[in-house]
Participant: 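Shown below is the structure under consideration.
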Amino acid sequence: MEKSFPETVGGLCLTPEQVLLQLKYRYDVEVDHSRRPALRKIMEKDDTSAKTLILCVCEIVSRGHSPNRRISSDTKNLQSGDAKVDAPSAVVWLTDGWYAIKAQLDDPLTAMLHKGRLAVGDKLIIHGAQLVGSQDACSPLEAPESLMLKICANSSRPARWDAKLGFHRDPRPFLLPVSSLYSNGGPVGCVDIIILRSYPIQWMERKPDGGVVFRSVRAEEKEARRHNNHKQKAMETLFTKIQSEFEKEDKGNNKPQRRRQTRSRQNIASLQDGEELYEAVGDDPAYLEAHLSIQQLETLHTYRRSLVEKQQAELQDRYRRALEAEDNEGSCLKRDVTPVWRLCITDSMGQPGSVYQLSLWRPTSDLQSLLKEGRRYKVYNLTTSDGKKRSSVESVQLTGTKKTQFEDLQGSQEWLSARFQPRVSTNFMTLQNPEFQPLCGEVDLSGYVISVIDGQGSSPALYLADGNLNFVKVRCFSSLSQSGLEDVVRPNVLLALSNLQLRGQSMHPTPVVYAGDLTVFSTNPKEAHLQESLSQLKTMLQRHENFSLSAEEKLSHLIRSDGLSSITSPALQPQTPASATDKGQETKTSGTFQKPVRSLGSFTPVSRNPPAATSSAEKDPRSLKRRRALDYLSRIPSPPPLSHLGSVGSPCVNKTFNPPRRSATPSTLKTVQTPAHKSTDSLIEDEWVHDEELAMIDTQALHGGDLL
């Protein structure tokens with residue numbers, strides 16, 4: 001009291017009489033009544049420091065390094081702001097009113113100490129503190145210097161000035177708003193959340209080089225099959241190698257068989273041991289087996305089987321040891337794969353609109369059946385981390401631990417409707433509204449696949465159409481083969497897509513949505529809203545004749561009108577009368593050019609991978625002028641196709657052909673002197689007759705016949 005209010009109660013409490021009374025009171029409580037204070041129980045290992053405590057800052061030992069950047073919010077309490085400092089962290093003395101212990105602060109608390117938001121005399125309510133520095137129990141007055149509590153900002157908050165020190169009456173974690181959490185503030189005791197979106201299970205694989213890869217269920221199944229096939233081939237190769245080496249050793253260790261000796265029937269009948277019979281038979285079993293009895297044959301066969309089993313056991317043992325050696329050397333590494341379940345949540349205590357991400361590692365089937373979209377839960381024992389900033393998603397991410405527990409809470413329908421929107425199949429026209437803001441920045445769609453652009457590339461795209469010939473472009477961040485979608489995403493297929501990201505990009509000529517690692521592609525969805533949407537779309541397509549052709553023509557017109565003349569999909573070629581005869585024909589190109597795309601009656605070769613413009617080329621005036629000219633030319637429509645021109649023949653050509661009456665040899669054909677008085681038509685006629693005579697003479701020479 002005197003430290004907190006020195007001007008009011010200074011010199012009234014710490015008097016000799018009051019000190020003696022306090023010592024007498026403590027002796028009676030600790031010794032006579034055996035009631036030990038909180039810190040004494042913790043340091044003597046009779047209680048846990050993870051319970052909720054109320055302690056007071058009584059001294060500052062070390063302030064640590066100054067923060068390297070300012071706190072993001074200059075509020076006067078611990079419920080907001082973000083801070084990071086350089087190690088080492090600050091150290092303070094905390095007391096329960098009886099004993100004191102040093103406490104190590106994390107980065108946000110150290111920053112608050114430097115900002116003056118944490119000072120001597122302040123009381124803190126703490127949960128989940130860790131006792132570090134010594135594993136042995138000790139008395140508070142004999143504690144080593146290394147013994148201290150480790151507290152974090154996400155489990156510490158300021159307490160009332162009149163709060164009773166020691167263990168709190170409720171040892172459970174106290175509730176915190178999600179908006180007050182720090183990404184580097186340590187574990188979180190308790191939060192109250194609403195699940196907005198539940199995503200499909202993903203599989204995270206840790207690579208030997210330290211990298212990680214996230215895959216969907218379909219992609220993980222494909223990768224698992226590929227790895228198993230590779231491992232099976234490696235095992236077969238190893239077994240073949242071990243078997244060949246074993247056979248060579250066995251062949252070299254076999255003793256040369258002695259030459260077959262002539263044995264009498266008495267000697268043959270005396271052989272009863274399997275090894276003797278095997279040595280006697282040697283390499284020519286047909287010689288003696290004919291003279292062996294049934295019992296001797298059974299003994300010989302049993303011995304042979306035992307030899308084969310012994311060899312097989314030795315071969316298997318060698319193979320097992322070689323396989324273990326291969327695993328130790330790392331030539332055929334095992335996959336380190338872990339399932340993770342991601343949820344989009346919001347804080348039920350905060351304002352609607354803030355969205356956070358919760359990741360649960362190795363979720364059980366019971367947990368998956370418990371957590372549903374649109375339900376309210378109280379969650380205990382989480383951790384925080386920095387996350388990638390996505391649309392409508394905060395940077396602070398929550399992660400579950402082995403101790404995470406969920407408590408189902410009930411909420412009124414009106415209260416939930418203000419914070420939660422159920423999933424719906426978004427209308428294509430709604431996406432054209434710039435003010436449209438879906439929950440979590442994601443939409444679900446169903447449409448008819450018109451075309452797939454760069455399906456084998458690293459970032460393919462596809463165009464979807466609804467029953468009213470409205471279009472949406474879907475861009476993917478990974479290749480279809482890598483995601484295992486090459487058999488699902490195909491033209492002329494009804495497709496349902498979930499968890500598409502809407503980033504507010506340009507709406508011309510069509511709205512654009514993005515398919516991330518959480519997007520689900522399906523031709524037979526399980527969700528009721530997508531099933532209903534696909535059923536309605538299928539009914540509309542059945543009523544519309546030549547829907548695919550109409551959609552392709554309209555989409556091609558939209559793209560041309562927007563100046564995008566580099567569409568590589570052959571499905572977007574307009575069907576004009578001039579090009580109808582060319583349907584199905586493919587134009588072969590070389591280099592990086594692919595099939596040309598017909599654009600308004602003319603063919604334009606399109607490069608699959610156009611060369612990226614360098615910084616020097618962008619600054620070159622000639623390159624800029626050439627690029628502008630090409631862009632201008634690409635926007636100019638081609639002229640309409642010309643009609644077929646009929647051939648105009650000479651009247652002389654249309655006359656009936658009269659063959660010559662007599663034959664002539666090449667020697668008789670000489671230059672004819674044309675009279676000057678002949679007309680032009682007569683000259684043309686004589687020239688034509690002369691050519692016909694030459695043709696007839698050549699025919700006679702080839703066939704040896706006479707001209708009629």
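Worth saying up front: this structure is predicted, and the values here are computed from it rather than measured.
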Participant: Hey, is the main chain of Arg63 close enough, under 3.5 Å, to the side chain of His114 for a donor-acceptor pair?
Facilitator: yes

Participant: Under 6.0 Å from the CZ atom of Phe214, do we count more than 12 heavy atoms belonging to anything else shown?
Facilitator: yes

Participant: Does the side chain of Phe406 come within less than 4.5 Å of Leu367's, by heavy atoms?
Facilitator: yes

Participant: Assess whether atom CZ of Arg26 is packed by more than 12 heavy atoms of other residues, nucleotides or ligands within 6.0 Å.
Facilitator: yes

Participant: I'd like to know if the side chain of Ser155 reaches the main chain of Cys152, judged simply by a donor and an acceptor atom lying under 3.5 Å from each other, with no hydrogens or angles considered.
Facilitator: no

Participant: So do the side chains of Phe521 and Ser216 get within less than 4.5 Å of each other, counting heavy atoms only?
Facilitator: no

Participant: Just say parallel, tilted or perpendicular for the rings of Phe477 and Tyr514, cut-offs at 30° and 60°.
Facilitator: parallel

Participant: Under 4.5 Å between any side-chain heavy atoms of Ile195 and Lys372, yes or no?
Facilitator: no

Participant: Given side-chain contact (heavy atoms from CB on, under 4.5 Å), test Leu358 with Leu382 step by step and report yes or no.
Facilitator: CA-CA 9 Å; Leu358 172 61; Leu382 298 172; 4.1 Å; yes

Participant: Is the NZ or CZ atom of Arg335 positioned over Trp203's six-membered ring, under 6.0 angstrom from the centre and within 45° of the axis?
Facilitator: no

Participant: Can you tell me how far apart SG (Cys476) and CD (Gln482) are? Round to the nearest 0.5 Å.
Facilitator: 11.5 Å

Participant: Between atom CD1 of Ile125 and atom CZ of Arg157, what is the distance when rounded to the nearest 0.5 Å?
Facilitator: 10.5 Å

Participant: Do any N or O atoms from the side chain of Ser479 and from the backbone of Ser458 form a donor-acceptor pair under 3.5 angstrom?
Facilitator: no

Participant: Got Glu373 and Ser198 here, is their nearest side-chain heavy-atom distance under 4.5 Å?
Facilitator: yes

Participant: What heavy-atom pair brings Ile54 and Ala163 nearest, and what distance separates the two atoms?
Facilitator: CD1-CB, 4.0 Å

Participant: Any donor-acceptor pair under 3.5 Å linking the side chain of Asp106 with the backbone of Ala153?
Facilitator: yes

Participant: Hey, is the main chain of Ala90 close enough, under 3.5 Å, to the side chain of Thr110 for a donor-acceptor pair?
Facilitator: yes

Participant: Any sub-3.5 Å donor-acceptor pair from Ser522's side-chain atoms to Ala496's backbone N or O?
Facilitator: no

Participant: Does Arg320, at its CZ atom, have more than 12 non-hydrogen atoms belonging to other residues, nucleotides or ligands within less than 6.0 Å?
Facilitator: yes

Participant: Spell out, as yes or no, whether a donor-acceptor pair under 3.5 Å connects the side chain of Thr48 to the backbone of Ala50.
Facilitator: yes

Participant: Between Ile42 and Leu53, does the side-chain contact (heavy atoms from CB on, under 4.5 Å) criterion hold? Intermediate values first, please.
Facilitator: CA-CA 11 Å; Ile42 291 173; Leu53 291 165; 3.8 Å; yes

Participant: Decide salt bridge (charged side-chain N to carboxylate O under 4.0 Å, His left out) for Asp96 and Lys41; before the verdict, give the C-alpha distance in whole Å, the side-chain angles of both, and the deciding distance to 0.1 Å.
Facilitator: CA-CA 11 Å; Asp96 61 352; Lys41 287 183 178 180; over 6 Å; no

Participant: Please check this pair: side chain of Ser183 against backbone of Val396, looking for a donor-acceptor N/O pair closer than 3.5 Å.
Facilitator: no

Participant: Can you check whether Val57 reaches Leu94 side chain to side chain, under 4.5 Å on heavy atoms?
Facilitator: yes

Participant: Do you see a donor-acceptor pair shorter than 3.5 Å between the side chains of Ser498 and Arg423?
Facilitator: no

Participant: Are side-chain heavy atoms of Asn154 and Pro187 found at a separation under 4.5 Å?
Facilitator: no

Participant: If you define the side chain from C-beta out and look only at heavy atoms, does anything of Asp517 sit under 4.5 Å from Arg342?
Facilitator: yes

Participant: Can you name the closest pair of heavy atoms from Gly484 and Arg218 and give their distance?
Facilitator: O-CD, 2.6 Å

Participant: Go through the steps for Leu55 and Ile126 under the test side-chain contact (heavy atoms from CB on, under 4.5 Å), then give the verdict.
Facilitator: CA-CA 8 Å; Leu55 302 176; Ile126 304 167; 4.3 Å; yes

Participant: Take Leu360 and Leu343, measure what side-chain contact (heavy atoms from CB on, under 4.5 Å) needs, and give me the verdict at the end.
Facilitator: CA-CA 8 Å; Leu360 301 175; Leu343 306 169; 4.1 Å; yes

Participant: Drop me the distance from Ser134's OG to Met148's CE, to the nearest 0.5 angstrom.
Facilitator: 11.5 Å

Participant: Any donor and acceptor pair, going by atom type alone, linking the side chain of Glu59 with main-chain N or O of Val120 inside 3.5 Å?
Facilitator: no

Participant: Find the distance between NZ (Lys378) and CD1 (Ile193) and round it off to the nearest 0.5 Å.
Facilitator: 12.0 Å

Participant: Measuring from Phe420:CZ to Leu439:CG, what's the distance to the nearest 0.5 Å?
Facilitator: 7.5 Å

Participant: Find the distance between CD (Glu142) and CE (Met43) and round it off to the nearest 0.5 Å.
Facilitator: 11.0 Å

Participant: Using a 4.5 Å cut-off on heavy atoms from C-beta on, say whether the side chain of Trp361 contacts that of Thr399.
Facilitator: yes

Participant: Going by atom types alone, do Asp192 and Ser348 pair a side-chain donor with an acceptor below 3.5 Å?
Facilitator: yes

Participant: Please check if the number of heavy atoms outside Gln18 that lie under 6.0 Å from its CD is greater than 12.
Facilitator: yes

Participant: Is it true that Glu223 and Arg226 have a side-chain N and a carboxylate O under 4.0 angstrom from each other?
Facilitator: yes

Participant: Heavy-atom count around Lys102 NZ within 6.0 Å, excluding the residue itself: above 12?
Facilitator: yes

Participant: Is it the case that over 12 heavy atoms from other parts of the model lie below 6.0 angstrom from the NZ atom of Lys45?
Facilitator: yes

Participant: Salt bridge or not between Lys207 and Asp209? Use side-chain N to carboxylate O under 4.0 Å.
Facilitator: no

Participant: Looking only at heavy atoms, what is the nearest atom pair of Ser156 and Phe174, with distance?
Facilitator: N-CZ, 4.2 Å

Participant: Are any side-chain N or O atoms of Tyr199 and backbone N or O atoms of Asn499, one a donor and one an acceptor, separated by less than 3.5 Å?
Facilitator: no

Participant: Would Arg36 and Asp46 pass as an ion pair if we require N to O under 4.0 Å?
Facilitator: yes

